[in-house]
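Here, residue 1 is the first one in the sequence, and each next residue gets the next number. Remember, predicted model here, so these are calculated numbers, not experimental data.
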Amino acid sequence: MKKNKQYVFMFLVVLSLTLVAFYGIVHAEFILLSPKGLQLVLLSEGIVFVGGTFIIAPGLVKSEENFVGRFLILTTVQMLAVLSIILALVYLKYPQAKAIGFQLLFVFLFLMSVQSFLLVKLKNKKIIEEDLD
């Protein structure tokens, strides 16, 4: 299996499990969030990270310079997207904007860490396999 397809599969599984777990935590009332706030967090995180796979996946099978450029673009676009959503919530004086913002950042940082780990692991695996040949 190619590295880009392997990454897309692994990350989409992690993304799905993370969003389902977050949904369960909110419904178990460990985190108090309104249903609309929960929908906003789940939808925005899903869109940001699924959209990010279209940016980075082609870079996994290309040169290191291409991968690094795509990785920098990916992290910048994702961070700006999440921070823009939070800014819009605050500007529009959305109810529970502070709670929704914190939850967006928490889930975003977790998913960004997992995404970076998977990308670096897959890219290093490719380099190691090439060295062995």
Side-chain angles (χ1 to χ4, degrees):
M1 184 183 288
K2 287 188 175 182
K3 299 292 181 203
N4 55 357
K5 290 182 182 178
Q6 189 178 9
Y7 165 74
V8 169
F9 175 75
M10 287 190 316
F11 188 69
L12 289 180
V13 167
V14 170
L15 177 66
S16 303
L17 291 174
T18 302
L19 295 181
V20 167
F22 183 73
Y23 180 82
I25 289 171
V26 171
H27 275 287
E29 296 181 0
F30 289 116
I31 298 173
L32 299 177
L33 206 57
S34 68
K36 285 194 174 205
L38 175 64
Q39 288 174 352
L40 182 67
V41 171
L42 295 176
L43 185 64
S44 60
E45 295 289 351
I47 290 171
V48 166
F49 282 98
V50 169
T53 59
F54 292 114
I55 295 173
I56 196 68
L60 285 168
V61 293
K62 296 184 179 175
S63 68
E64 272 67 29
E65 293 83 18
N66 187 302
F67 171 74
V68 170
R70 285 179 179 269
F71 184 76
L72 291 173
I73 291 169
L74 171 74
T75 55
T76 303
V77 167
Q78 287 177 330
M79 282 191 278
L80 287 174
V82 169
L83 293 175
S84 297
I85 292 168
I86 294 170
L87 179 65
L89 291 174
V90 172
Y91 180 75
L92 296 173
K93 297 179 181 162
Y94 195 84
Q96 287 190 328
K98 188 176 182 179
I100 294 169
F102 280 127
Q103 297 310 315
L104 269 169
L105 281 177
F106 173 74
V107 175
F108 172 75
L109 291 174
F110 175 76
L111 288 172
M112 180 63 79
S113 301
V114 171
Q115 179 182 34
S116 299
F117 175 77
L118 286 175
L119 287 169
V120 170
K121 195 77 165 166
L122 280 174
K123 199 60 176 173
N124 284 342
K125 184 177 178 184
K126 181 179 179 186
I127 293 170
I128 293 169
E129 288 173 357
E130 288 176 358
D131 289 342
L132 292 175
D133 290 336

Would you name the heavy atoms of [X] and [Y] that are closest together and state the gap between them?
X      : Y     : value
Val50  : Thr53 : O-OG1, 2.5 Å
Ala97  : Leu89 : CB-O, 3.9 Å
Val48  : Ala81 : CG2-CB, 3.9 Å
Val8   : Ala57 : CG2-CB, 3.9 Å
Leu122 : Gln6  : CD2-OE1, 3.6 Å
Leu60  : Lys3  : CD1-O, 3.8 Å

Drop me the distance from [X]'s [atom1] to [Y]'s [atom2], to the nearest 0.5 angstrom.
X      : Y     : atom1 : atom2 : result
Phe22  : Leu42 : CZ    : CG    : 6.5 Å
Leu43  : Lys36 : CG    : NZ    : 13.0 Å
Ile86  : Lys98 : CD1   : NZ    : 13.0 Å
Leu105 : Leu83 : CG    : CG    : 6.5 Å
Leu72  : Ile56 : CG    : CD1   : 9.0 Å
Gln103 : Leu40 : CD    : CG    : 11.5 Å

Contact check, side chains of [X] and [Y], non-hydrogen atoms, under 4.5 Å:
X      : Y     : value
Phe9   : Val13 : yes
Val114 : Thr18 : no
Val26  : Val41 : no

Tell me, which pairs form a ring-ring contact (aromatic ring centres under 6.0 Å, His included) where one or both residues lie in residues 47-101, sequence neighbours left out?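 Sorted result for residues 47-101: Phe11-Phe49, Phe49-Phe108.
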Check the hydrophobic clustering (I, L, V, M, F, W, Y; side-chain heavy atoms under 4.5 Å; chains of links allowed) and say if [X] and [Y] are grouped together.
X      : Y      : value
Val14  : Val20  : no
Val82  : Leu109 : yes
Leu87  : Leu104 : no
Phe110 : Ile85  : yes
Phe106 : Phe30  : yes

Examine the side chains of Tyr7 and Gln115 and answer whether a donor and an acceptor come within less than 3.5 Å of each other.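 Looking only at side-chain atoms, Gln115 and Tyr7 do form a donor-acceptor pair, the distance falling under 3.5 Å.
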Check: [Y] main-chain N/O paired with [X] side-chain donor or acceptor under 3.5 Å:
X      : Y      : value
Gln96  : Gly37  : no
Arg70  : Ile55  : yes
Ser116 : Ser113 : no

